[in-house]
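All remarks here apply to the structure that follows.
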2 protein chains.
Amino acid sequence: MHSLDRVDLQLLRALCVEPRSTFVALAQRLGLSRNTVQARMARLEESNAFLAFDRRINPIALGHPLTAFIQVHLQQKRLSQIVAELTQIPEIVQAHGMSGSTDLLVLVVCTDADDLFRIDGTILACEGVDRTETSLAMGELIPYRITPLLDRVTRERGPANRVDVDIDDEA
Amino acid sequence: MHSLDRVDLQLLRALCVEPRSTFVALAQRLGLSRNTVQARMARLEESNAFLAFDRRINPIALGHPLTAFIQVHLQQKRLSQIVAELTQIPEIVQAHGMSGSTDLLVLVVCTDADDLFRIDGTILACEGVDRTETSLAMGELIPYRITPLLDRVTRERGPANRVDVDIDDEA
DNA sequence: ACAGAATAGGGCAAAGTGACTAATGGGACG
DNA sequence: CGTCCCATTAGTCACTTTGCCCTATTCTGT
């Protein structure tokens, strides 16, 4: 259990703008002392406000320019076994359990169409997987972003107000 | 146009393990000189091997613990107008143009079910949007990761081999 | 008004950075 | 075979940043 105040949000904002800023630079930009920035950053990290660095690595740079979402339909009681198998496939970069008709939404990156076909085959080969529906991402029309949300949260809450968070389930 | 060699991949790997490593630390870990690390990091950044810092911010910390994928069906010739409108919605953190029956796959984060309902309504209100299908992410069964792929790419290519990449379309 | 937390401000030794040089070792190419 | 080019190494230097210490001064909620 932790809570972010307005200054924390401004810190995150500044980091989005200039990820490599030093503590001193952040302190200057926000008009705080370096100690304060340092303490807050430590707390932010402590409270899992940051996700893994993996997210910042461009799959394109790794020779995997194609992104696809694969909807997986499966026998639900084999779910954990299937997830364990899918974890072995390096091209699967993320997978969500879903509500609704699709059980699993899998995010894969691949080198080309053949590669995608191969990966899809590997998923289908898992015991308990009924069928898959593959959708190719044609373009990232809205590139991943969090700053608009950051701004809204900052604006909505009053200066001294807090955003109460329970982050422990993400740890 | 750029290419990553094995050392670049190892660098990225090390960064995933310890995102806050200094250049000296990276140099020690990889058995390189600091200058080399510094030069390579500069090249990596230059060639867009890193995505925006936004990706590392945990929406849960912002009070948005719910993630949902919304499939949007729309009149294709209004696509660009619709995307422009969706860009105004801060809870939309990403959107992909898709192949197949769904035109747009939108990733949203929200505070609770009511919030999701409201956002879905906002999307539906856009001129040219025919209908939406909302799927709630029940859990991130495979948390976003790139290291397995990193390892595979490193292993596959020989020591001196290169991964040829054209990153300019991501810039 | 009070207790506890957050902050500013200062200081200091250690570490890291950015920018530069010169030397080394391959590879590619004529 | 020699030569050019490039990445790398190793070293230096001035400068900045860090990590950690401390204390006095606001805030904050009760």
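Each chain gets a letter, A, B and so on, in the order its sequence line appears, and its residues count up from 1.
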Give the rounded distance in Å between these two atoms: [atom1] of [X] and [atom2] of [N].
| X | N | atom1 | atom2 | answer |
| --- | --- | --- | --- | --- |
| A:Q28 | D:dT16 | CD | C1' | 12 Å |
| A:D8 | C:dA6 | CG | P | 10 Å |
| B:R40 | D:dC6 | CZ | P | 15 Å |
| B:M41 | C:dA19 | CE | C1' | 18 Å |
| B:L26 | C:dA15 | CG | P | 17 Å |
| A:E45 | D:dT18 | CD | P | 13 Å |

When you check the phosphate oxygens OP1 and OP2 of D:dT8, does a side-chain N or O of B:R43 lie under 4.0 Å from one of them?
->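 For D:dT8, OP1 or OP2 has a side-chain N or O of B:R43 closer than 4.0 Å.
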Indicate whether OP1 or OP2 belonging to D:dT18 is found under 4.0 Å from a side-chain N or O atom of B:R20.
->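 No.
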Within residues 29-38 of chain B, residues whose heavy atoms come under 4.0 Å of DNA chain C = B:R34, B:N35, B:Q38
Short N-O contact, A:R131 and A:E133, less than 4.0 angstrom |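 Looking at A:R131 and A:E133, the cut-off is met.
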Of all the nucleotides listed (D:dG19, D:dA7, C:dG16), which has the minimum atom distance to the side chain of A:F23?
-> D:dG19
Kindly point out which of D:dG19, D:dT17, D:dT8 is positioned nearest to the side chain of A:T22?
-> D:dT17
Shared ILVMFWY cluster between A:V72 and A:I82, side chains joined below 4.5 angstrom?
->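 Both belong to a single hydrophobic cluster.
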For the side chain of A:D115 and the backbone of A:D112, is there at least one donor-acceptor N/O pair under 3.5 Å apart?
->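 Checked: no pair found.
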Working for side chain to side chain donor-acceptor pair (under 3.5 Å), residues A:Q75 and A:R78 | CA-CA 6 Å; A:Q75 300 167 20; A:R78 303 216 198 193; 3.2 Å; yes
Verify whether one side chain among A:Q81 and A:E127 offers a donor that lies under 3.5 Å from an acceptor in the other.
-> no
Compare every heavy atom of A:L124 with every heavy atom of A:D130, then report the nearest pair and how far apart it is.
->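 Nearest heavy atoms, A:D130 then A:L124: O-CD2, 4.4 Å.
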